[in-house]
Amino acid sequence: MHDPSDAGGLIEVTRRSGVQILRINRPKKKNALTDAMYRALTEAMAAAEADDAIGAHLFTGVQGVFTAGNDIGDFIARASGAGGLGAGVSGFLTMLAEARKPMVAAVDGLAIGIGTTMLWQCDLVYASPGARFATPFIDLGLVPENGSSLIAPRLMGHQRAFEMLCLGEGWDAARAHAAGWVNAIVPAERLEAHALDVAARLAAKPRTALIESRRLLRGDPAERLAAMRREAALFAERIASPEARAAFTAFMNRKGG
Ligand code: COA
């Protein structure tokens, strides 16, 4: 079996008040997510799903960064290797669609790519005033992932979803709050405590009633999984395309290196 320690502590897992807190902790690389980090997230979530002591998941990052999205070095390796999304990320996306317990996020600073699309899978999202959300898939020669082609238009309407996913220029916390997918803007110094408090309140509720209610609200996960499969087929084509390779190389060489 895969050893989550491969992520080398870059995913910090703690538990408090019935909540499992997953902290993305790779600040030197703006919390960019590698395959091993996705696996560590998935394994920790699976353990929490199976543990009656845990009633909710809480995702957070470090000061000023939630995550800069998928590691672009990993994208390059996929583009020249096996292609597609990779087993680590695919497993994590499946877990986000299938998790039964509520998912809460606390976002300070940057949330890019999957850093934003994973919030659209969450049930409650809290952001600091300095949060910044962007989904630059098109600029990277890619297509949206994580069921976002299905979920984003439902969350905020076609035009706003199109602006976010296809114009890809990024929104601040106020814009995301106005669009309805940030529950509240909370000062950075109180953000995590606030999100933990709300998650703990959820975790303390009658468990089965909460899980069943959440499932009624979200609908059958099969719908999200089908959207992910459609997206993944196109993503696999795009990641190896000249457009995507040029965008990845431009990022890697942007400092003239
Ligand atoms: N993948 C791999 N490395 C990344 C990364 C990513 N997604 N995002 C940031 N990093 C790395 C940088 O390469 C840099 O590493 P280095 O110090 O070894 O050169 C380090 O993190 C710090 O990033 P830097 O670009 O110097 O910081 P910045 O404040 O100028 O810019 C970002 C921060 C997040 C705006 C910028 O790094 C960025 O645009 N990242 C890519 C985001 C992205 O497109 N993600 C994929 C979405 S699908």
Side-chain angles (χ1 to χ4, degrees), residues 1-2 20 22 33 35 37-52 54-59 67 69-70 78 82-105 111 113-125 133 135 137-138 142-158 160-162 164-166 179-183 199 202-203 205-239:
M1 204 180 107
H2 175 82
Q20 179 165 275
L22 293 171
L33 289 160
D35 196 70
M37 291 165 74
Y38 287 120
R39 287 179 197 267
L41 286 165
T42 308
E43 286 173 26
M45 286 184 75
E49 285 284 306
D51 187 343
D52 287 344
I54 298 297
H57 307 274
L58 172 60
F59 299 106
T67 169
N70 202 100
R78 302 294 308 171
L85 272 174
V89 66
S90 298
F92 181 57
L93 301 190
T94 302
M95 175 58 74
L96 290 177
E98 291 185 337
R100 296 169 311 119
K101 296 179 179 174
M103 302 187 292
V104 181
I114 193 169
T116 287
T117 63
M118 67 184 277
L119 304 176
W120 298 339
Q121 295 271 19
C122 286
D123 302 294
L124 293 169
V125 178
F133 309 92
T135 48
F137 298 111
I138 314 298
L142 300 170
V143 294
E145 39 65 311
N146 202 2
S148 57
S149 59
L150 172 81
I151 302 166
R154 283 189 183 171
L155 267 178
M156 56 188 133
H158 172 77
R160 285 188 287 196
F162 188 88
M164 187 82 205
L165 285 164
C166 294
W181 47 270
V182 162
N183 289 82
L202 284 173
K205 290 190 185 292
R207 183 69 48 79
T208 308
L210 177 65
I211 286 175
E212 295 296 352
S213 301
R214 178 177 184 270
R215 187 175 165 89
L216 285 169
L217 281 159
R218 287 168 74 93
D220 190 339
E223 196 187 16
R224 289 173 185 231
L225 292 168
M228 286 178 186
R229 280 195 296 275
R230 287 194 298 275
E231 294 164 353
L234 288 168
F235 200 100
E237 282 176 21
R238 290 298 95 218
I239 199 170

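When reading the values below, keep in mind they use all heavy atoms of this one structure, side chains included, and skip hydrogens, waters and symmetry mates.
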Checklist outcome for this item: Residues G55 and A203: closest non-hydrogen pair is CA-CB, 3.8 Å

Would you say that [X] contacts [Y] through its side chain, given a criterion of any heavy-atom pair below 4.5 Å between the two side chains?
| X | Y | value |
| --- | --- | --- |
| R78 | F235 | no |
| F59 | Q121 | no |
| T135 | S148 | no |
| L41 | M95 | no |
| L202 | L124 | yes |
| I239 | L142 | yes |
| L210 | P102 | yes |
| M45 | E98 | no |

Next on the checklist: Test side-chain contact (heavy atoms from CB on, under 4.5 Å) on V143 and F137; report intermediate values, then the result.
Outcome noted: CA-CA 6 Å; V143 294; F137 298 111; 5.9 Å; no

Mark yes or no for whether [X], through its side chain, and [Y], through its backbone, hold a donor-acceptor pair below 3.5 Å.
| X | Y | value |
| --- | --- | --- |
| R207 | I54 | yes |
| R224 | G219 | no |
| D123 | V104 | no |
| E145 | E231 | no |
| D220 | A222 | yes |

Anything under 3.5 Å between a donor and an acceptor, one on a side chain of residues 83-90, the other on a protein residue two or more places apart or in another chain? List them.
{"from": "S90", "atom 1": "OG", "to": "G86", "atom 2": "O", "distance (Å)": "2.9"}

Checklist entry - Should the pair R100-E49 be classified as a salt bridge under the 4.0 Å nitrogen-to-oxygen rule? => result yes

Checklist entry - Relative to the ring of F92, is the ring of Y38 parallel (under 30°), tilted (30 to 60°) or perpendicular (over 60°)? => result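 Correct class here is tilted.
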
Item to check | Check against side-chain contact (heavy atoms from CB on, under 4.5 Å), L93 and I114 | outcome: CA-CA 9 Å; L93 301 190; I114 193 169; 3.6 Å; yes

Next on the checklist: T116 vs M164, test: side-chain contact (heavy atoms from CB on, under 4.5 Å). Steps then yes/no.
Outcome noted: CA-CA 10 Å; T116 287; M164 187 82 205; 4.1 Å; yes

Item to check | Worked verdict on W120 versus M156 for side-chain contact (heavy atoms from CB on, under 4.5 Å) | outcome: CA-CA 10 Å; W120 298 339; M156 56 188 133; 3.4 Å; yes

